[in-house]
Amino acid sequence: MPGLPVPAPYRPLLGLVRACHPVPTAAVTLLATVLAASAGQDRTGCLLVAAAVLAGQLSVGWCNDAVDARRDRAARRHDKPVVAGLVTERAVRSASLAALALCVPLSLACGALAGAVHLVAVGAAWAYDLGVKGTALSWLPYAVGFAALPAFVVLGLPGGPAPPWWLLAAGALLGVGAHLGNVLPDIADDRATGVRGWPQRLGPHRTRLLTPVPMVLASAVLAVGRPDVAGAAALTAAALTAAAGTVLGRRRPRAPFTAAIAVAGLDVAMLVARGTALA
């Protein structure tokens with residue numbers, strides 16, 4: 001429960017759990033695993049996908065907190081476990097390298113090409129953490145990573161089928177939207193500590209309004225790439241949700257971001273529903 005003291009022996013473990021960014025780590029791992037299952041991967045294949053993606057996401061989350069530790073201290077981010085004193089920066093850095101080392105054989109166990117594609121996704125995320133996040137190209141690692149993730153799943157299927165173009169395009173657009181939404185709550189702190197990525201340059205107001213746009217475009221790509229009634233309905237719902245968020249945003253600043261989350265959920269549902277059509 002919040003507020004209860006944590007026994008000293010468990011503080012580093014709790015710090016590592018919090019530093020790995022557990023919610024997005026779990027969400028991406030679950031998405032990749034469900035996508036693999038819906039595409040026809042067997043149980044062993046799904047377990048390998050889950051293990052590889054989990055290791056990669058853990059490495060990225062820990063790398064992020066290790067690299068940002070000094071900046072987080074300057075911004076007095078006591079919600080961060082390193083700043084809160086739960087775990088040392090060195091421990092988080094060591095954990096990130098260990099998870100990265102584990103990610104390599106787990107990825108390649110899914111197939112040489114599939115594994116290489118997944119390692120490109122993980123490498124893009126590390127590049128973001130190590131400096132690209134402070135440039136105007138901060139969106140690019142997200143686009144690469146989110147496009148590579150479903151490609152990794154498809155390439156790991158028996159026979160190594162090529163992923164369709166619309167899957168890659170939709171993934172890239174979802175990545176751009178995820179970048180905008182992920183950075184939005186921290187724009188003020190980022191600017192105060194000198195981070196000048198794309199959303200920080202846009203500012204919170206424009207970022208909030210822009211966030212649903214790539215999500216809706218992803219819906220359109222999915223609907224066009226595999227046209228059916230369900231896809232058309234989902235695209236209509238996504239467009240209406242985004243429009244409602246934009247209108248409500250004039251009075252409720254968080255409405256566009258909430259709309260973007262809802263549209264992202266629709267996009268993920270469409271991806272999973274495509275199932276065996278991904279190959």
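Residue numbers count from 1 along this sequence.
Here the straight-line distance linking atom CG of Leu113 with atom CZ of Phe152 works out to 11.0 Å at 0.5 Å rounding. Rounded to the nearest 0.5 angstrom, Leu86 CG and Arg18 CZ are separated by 5.5 Å. Atoms CD and SG, on Gln41 and Cys110 in that order, are 7.5 Å from each other to the nearest 0.5 Å. The CZ atom of Arg206 sits 12.0 Å away from atom CZ of Arg201, with the distance rounded to the nearest 0.5 Å.
Residue Val122 is not grouped with residue Leu35 when hydrophobic side chains (ILVMFWY) are merged at heavy-atom distances under 4.5 angstrom, including chains of intermediate members. The hydrophobic clustering, which links ILVMFWY residues whose side-chain heavy atoms are closer than 4.5 Å, places Leu100 and Leu58 apart. Both Leu137 and Val183 belong to a single network of hydrophobic side chains, linked directly or stepwise wherever heavy atoms of I, L, V, M, F, W or Y lie under 4.5 Å apart. No continuous path of ILVMFWY side-chain contacts below 4.5 Å connects Leu149 to Val60, so the two sit in separate hydrophobic clusters.
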**Prompt:** When you look at Tyr142 and Asn182, which way does the side-chain hydrogen bond (donor to acceptor under 3.5 Å, both in side chains) test go after all the steps?
**Reply:** CA-CA 11 Å; Tyr142 271 81; Asn182 184 55; 3.0 Å; yes
**Prompt:** Can you check salt bridge (Lys or Arg N to Asp or Glu O under 4.0 Å) on Arg71 and Asp189, steps first, answer last?
**Reply:** CA-CA 9 Å; Arg71 189 180 299 114; Asp189 287 340; over 6 Å; no
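Ring-centre distance between Tyr128 and His179: below the 6.0 Å cut-off.
Applying the side chain to side chain contact (heavy atoms under 4.5 Å, CB included) criterion to Val83, with sequence neighbours excluded, gives Asp72, Arg73, His78, Lys80.
Between Arg196 and Asp190, no side-chain nitrogen of the basic residue sits less than 4.0 Å from a carboxylate oxygen of the acidic one, so the salt-bridge criterion is not met.
In this structure, Leu102 shares a hydrophobic cluster with Leu106, the cluster being traced through Ile, Leu, Val, Met, Phe, Trp and Tyr side chains under 4.5 angstrom apart.
Using bins of under 30°, 30° to 60° and over 60° for the plane-to-plane angle, the ring pair Trp198/Trp139 lands in the perpendicular bin.
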